[in-house]
2 protein chains.
Amino acid sequence: MTSTAIASLHRGKYRIHTVAEMTGVPAATLRAWERRYGVPVPARTSSAYRVYSDADIALIRRVVELCEGGLAPSEAARVALEEHVPQAHTPVEPGDPYAPLRESILQAIEAFDPRRLERELDRAAASGPPATVAEDVLRRVLLEVGERWHTGRVTVAQEHLASEAIGTVLRRMLTQVQPEGDARMVLLAGFADEEHEFPLQVLAVHLASWGLRVVQLGVRTPPAALRQAVAELQPALVGLSCTIAPAAHRARELVDAYADAIGDVPWIVGGAATSTLARFVSGRGGQIVEDPQPRALRSQVERMCSRRKPRR
Amino acid sequence: MTSTAIASLHRGKYRIHTVAEMTGVPAATLRAWERRYGVPVPARTSSAYRVYSDADIALIRRVVELCEGGLAPSEAARVALEEHVPQAHTPVEPGDPYAPLRESILQAIEAFDPRRLERELDRAAASGPPATVAEDVLRRVLLEVGERWHTGRVTVAQEHLASEAIGTVLRRMLTQVQPEGDARMVLLAGFADEEHEFPLQVLAVHLASWGLRVVQLGVRTPPAALRQAVAELQPALVGLSCTIAPAAHRARELVDAYADAIGDVPWIVGGAATSTLARFVSGRGGQIVEDPQPRALRSQVERMCSRRKPRR
DNA sequence: TATCATTGGACCAACCTTTGACAAATCGCG
DNA sequence: CGCGATTTGTCAAAGGTTGGTCCAATGATA
């Protein structure tokens with residue numbers, strides 16, 4: 001009657017028996033739905049009484065409707081949740097807006113919950129500019145996973161799971177920011193002994209978001225392969241990544257080989273092992289990228305790219 | 001009136017009894033049709049309940065219609081399948097509709113043209129059902145690239161380029177076909193020494209397109225990690241891939257370790273090295289998947305998934 | 001005090017699963 | 001026409017899953 005219409009105008013606060021009456025769903029069933037499917041999860045008073053809002057009631061009504069449409073209660077709950085939840089979430093305080101996002105991703109990893117992990121990663125990917133997300137969320141999550149792995153808090157299985165999921169998201173993000181048309185091209189490759197693909201992928205997202213067309217050769221690219229790629233593609237820049245430092249003599253050898261392969265295209269080297277390589281790299285005209293600050297890196301890259309024109 | 005509007009809003013997820021009511025076909029008959037003609041093959045929940053989609057129901061209705069038109073059920077099923085499946089049907093010859101697609105991808109690789117390669121791969125990804133594309137285009141392109149690499153016709157650089165691009169497309173396709181809801185789960189992992197990720201990815205697309213939720217642990221998953229993952233996730237099936245055959249004693253060791261890790265969950269092993277492993281695998285209750293015919297594989301997988309309860 | 005809430009577990013009917021079987025209907029063919 | 005062979009709808013048994021409901025002990029509200 002009219003009382004319900006009026007009640008729906010203000011923010012409703014109904015107790016369970018009232019809700020049962022309004023929706024036709026017995027109170028015991030409401031509790032069971034909450035326990036089993038989380039639909040809905042009403043607020044509580046200080047003494048733990050349930051307090052249903054109008055949104056909660058709408059959700060219940062939707063579930064009832066779906067059930068009448070032939071869905072099993074569990075499915076109906078899932079569908080109704082999916083319909084109602086995707087309301088925009090609030091971006092938070094200025095300090096570190098991505099901290100909660102990282103935290104929930106890490107929680108999903110520790111809980112070994114692939115479904116939740118993918119959901120959180122999707123949420124993260126849509127939560128800001130791809131380069132920022134790659135840098136401030138994914139990269140830092142990966143660092144944290146690495147640390148926790150060292151201390152035994154994260155297992156090999158969890159690390160594999162996280163790697164697969166984050167690798168997929170990173171690749172998707174790269175294709176999303178990859179510029180159209182004939183942008184300047186940057187060629188990315190991992191050192192010959194390199195196993196870690198993530199530094200390369202994160203770098204790729206940055207470069208692409210700065211308007212460079214990224215061509216990935218991936219990890220373990222030998223110098224000869226890089227030489228051919230440089231010759232064929234005439235990139236404006238070459239990016240190398242080296243995470244595990246080779247022994248000194250091998251390092252010099254490798255850097256020389258890569259420098260020869262690259263010729264006179266500007267090149268940068270990043271990754272954890274750069275300090276070992278620094279001398280050799282700058283000796284051959286390469287630039288070390290140690291600063292993980294994207295801003296500094298960007299101007300550096302801009303300068304380098306415009307220094308030379310790809311001929312032909 | 002609202003009920004039809006609702007039904008068209010969500011993608012239907014009906015249990016068998018509801019479907020029987022909606023179509024007038026008894027549940028037992030629906031199961032028989034599925035068993036005998038594969039029409040339809042609904043998705044499954046993690047507890048192996050059938051979950052029919054609206055498309056499934058349309059298929060059933062079509063079969064009923066044809067039966068009423070005088071066709072024998074087996075014939076009706078065949079016709080209805082043919083009508084429904086190849087929706088974006090290419091009017092091409094029976095031979096190999098994907099040959100030109102493969103050819104243009106291979107040309108892009110040989111021309112070392114990343115842009116064109118990505119364009120061709122996008123075109124391929126949209127040219128048919130993901131599982132078919134993964135199988136008949138991407139897998140075969142990768143095989144061909146491997147062969148051409150052996151004969152020197154494709155260089156390491158080209159191979160790297162192709163791997164990166166195809167890997168990205170495969171991952172994207174997987175996320176596109178990954179089922180929602182609580183489907184039965186399959187855990188995929190590469191052998192400890194495994195380097196090749198593509199067999200796993202192609203298998204993943206197949207399994208996902210059959211309604212299984214794929215969780216990728218990726219290549220080089222050690223037995224201990226797999227053990228933890230199995231314990232945590234309780235998958236309905238575990239898939240392993242081994243492309244490079246280890247030495248016999250190591251092979252036996254490895255297979256034993258994996259079998260122990262998997263426990264009593266059904267498991268399959270695929271990849272080029274299966275012949276070496278076959279004895280050990282079947283000795284430990286695993287199944288070898290040698291036949292790259294997805295049809296045979298599918299029924300095999302279906303049987304294995306439902307053979308044992310996913311409990312504890 | 002009488003009424004309503006809370007939790008967690010437990011119950012049980014209804015539903016689902018597979019396997020195997022079986023009889024009626026239909027078909028091919030001598 | 002009649003006789004095997006195949007097709008096809010239906011069912012039963014044995015066992016797992018789902019989901020509405022109830023209970024007991026306890027606390028809050030009026």
Side-chain angles (χ1 to χ4, degrees), chain A residues 13-39 41-52 56 60 63-64 66-68 70-80, chain B residues 13-39 41-52 56 60 63-64 66-68 70-80 181-185 211 234 236-237 264-266 299-312:
Chain A
K13 293 181 190 310
Y14 311 100
R15 295 232 289 244
I16 197 167
H17 202 69
T18 319
V19 177
E21 236 169 60
M22 291 166 66
T23 62
V25 181
T29 304
L30 287 176
R31 281 190 278 259
W33 282 6
E34 181 185 339
R35 182 172 4 130
R36 291 177 177 145
Y37 322 121
V39 175
V41 181
R44 299 296 188 111
T45 69
S46 57
S47 51
Y49 279 26
R50 288 174 177 79
V51 180
Y52 290 81
D56 291 332
I60 294 166
V63 172
V64 170
L66 288 168
C67 282
E68 281 166 358
L71 294 200
S74 57
E75 285 298 330
R78 229 182 42 73
V79 171
Chain B
K13 293 166 186 312
Y14 310 100
R15 304 245 255 243
I16 198 167
H17 197 68
T18 315
V19 176
E21 220 169 78
M22 294 188 333
T23 62
V25 182
T29 305
L30 288 175
R31 281 189 279 256
W33 283 5
E34 178 187 339
R35 184 173 5 133
R36 304 212 250 247
Y37 323 121
V39 175
V41 181
R44 301 292 191 115
T45 70
S46 53
S47 48
Y49 280 27
R50 289 173 178 79
V51 180
Y52 291 81
D56 292 331
I60 294 166
V63 172
V64 170
L66 290 169
C67 282
E68 280 165 356
L71 259 60
S74 57
E75 283 299 303
R78 213 179 42 73
V79 172
D182 77 336
R184 283 169 305 176
M185 179 186 299
Q234 317 234 335
L237 180 74
D264 53 359
V265 178
S299 56
Q300 193 176 347
V301 164
E302 277 300 333
R303 244 176 299 122
M304 298 191 70
C305 281
S306 49
R307 206 172 57 197
R308 278 185 57 66
K309 48 181 183 174
R311 252 202 93 55
R312 256 291 235 184

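The chains referred to below are lettered A, B, ... by the order of the sequence lines, with proteins before strands, and numbering in each begins at 1.
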B:Ser46 versus B:Asp182, side-chain donor and acceptor atoms under 3.5 Å: yes

Atom pair CZ (B:Arg78) and CG (B:Leu71), whose distance is rounded to the nearest 0.5 Å: 8.5 Å

Round to a whole Å and report the spacing from [atom1] of [X] to [atom2] of [N].
{"X": "B:Arg184", "N": "C:dT18", "atom1": "CZ", "atom2": "C1'", "result": "12 Å"}
{"X": "A:Ile60", "N": "D:dG20", "atom1": "CD1", "atom2": "P", "result": "13 Å"}
{"X": "B:Asp182", "N": "D:dT18", "atom1": "CG", "atom2": "C1'", "result": "12 Å"}
{"X": "A:Glu34", "N": "D:dG20", "atom1": "CD", "atom2": "C1'", "result": "16 Å"}
{"X": "A:Leu30", "N": "C:dT6", "atom1": "CG", "atom2": "P", "result": "10 Å"}

For residues [X] and [Y], report the shortest heavy-atom separation together with the two atoms involved.
{"X": "B:Gly211", "Y": "B:Ala183", "result": "O-CB, 3.4 Å"}
{"X": "B:Ala77", "Y": "B:Tyr37", "result": "CB-CB, 3.7 Å"}
{"X": "B:Pro73", "Y": "B:Cys67", "result": "CA-SG, 3.8 Å"}
{"X": "A:Val39", "Y": "A:Val63", "result": "CG1-CG2, 3.7 Å"}

B/S/- contact track for nucleotides 4-13 of chain D, protein heavy atom under 4.0 Å: ----BBB---

Contact list (N/O, under 3.5 angstrom) for nucleotides 27-30 of chain D vs protein:
residue	atom	partner	partner atom	Å
D:dG27	N2	A:Tyr49	OH	2.8
D:dA28	O3'	A:Ser47	OG	3.1
D:dT29	OP1	A:Ser47	OG	3.1

Name every donor-acceptor pair, under 3.5 Å, that has one atom in a side chain of residues 21-35 of chain A and the other anywhere in the protein, sequence neighbours excluded.
residue	atom	partner	partner atom	Å
A:Thr23	OG1	A:Val19	O	2.9
A:Thr23	OG1	A:Val25	N	3.3
A:Glu34	OE1	A:Arg50	NE	2.6
A:Glu34	OE2	A:Arg44	NH2	3.4

Pairwise 5' ranking along DNA chain C for A:Arg50 and B:His17, keeping only the more 5' one: A:Arg50

Check: A:Ile16 and A:Tyr52 side chains under 4.5 Å, non-hydrogen atoms: yes

Sugar-phosphate only, base, or nothing, as touched by B:Arg31 at under 4.0 Å among non-hydrogen atoms: base

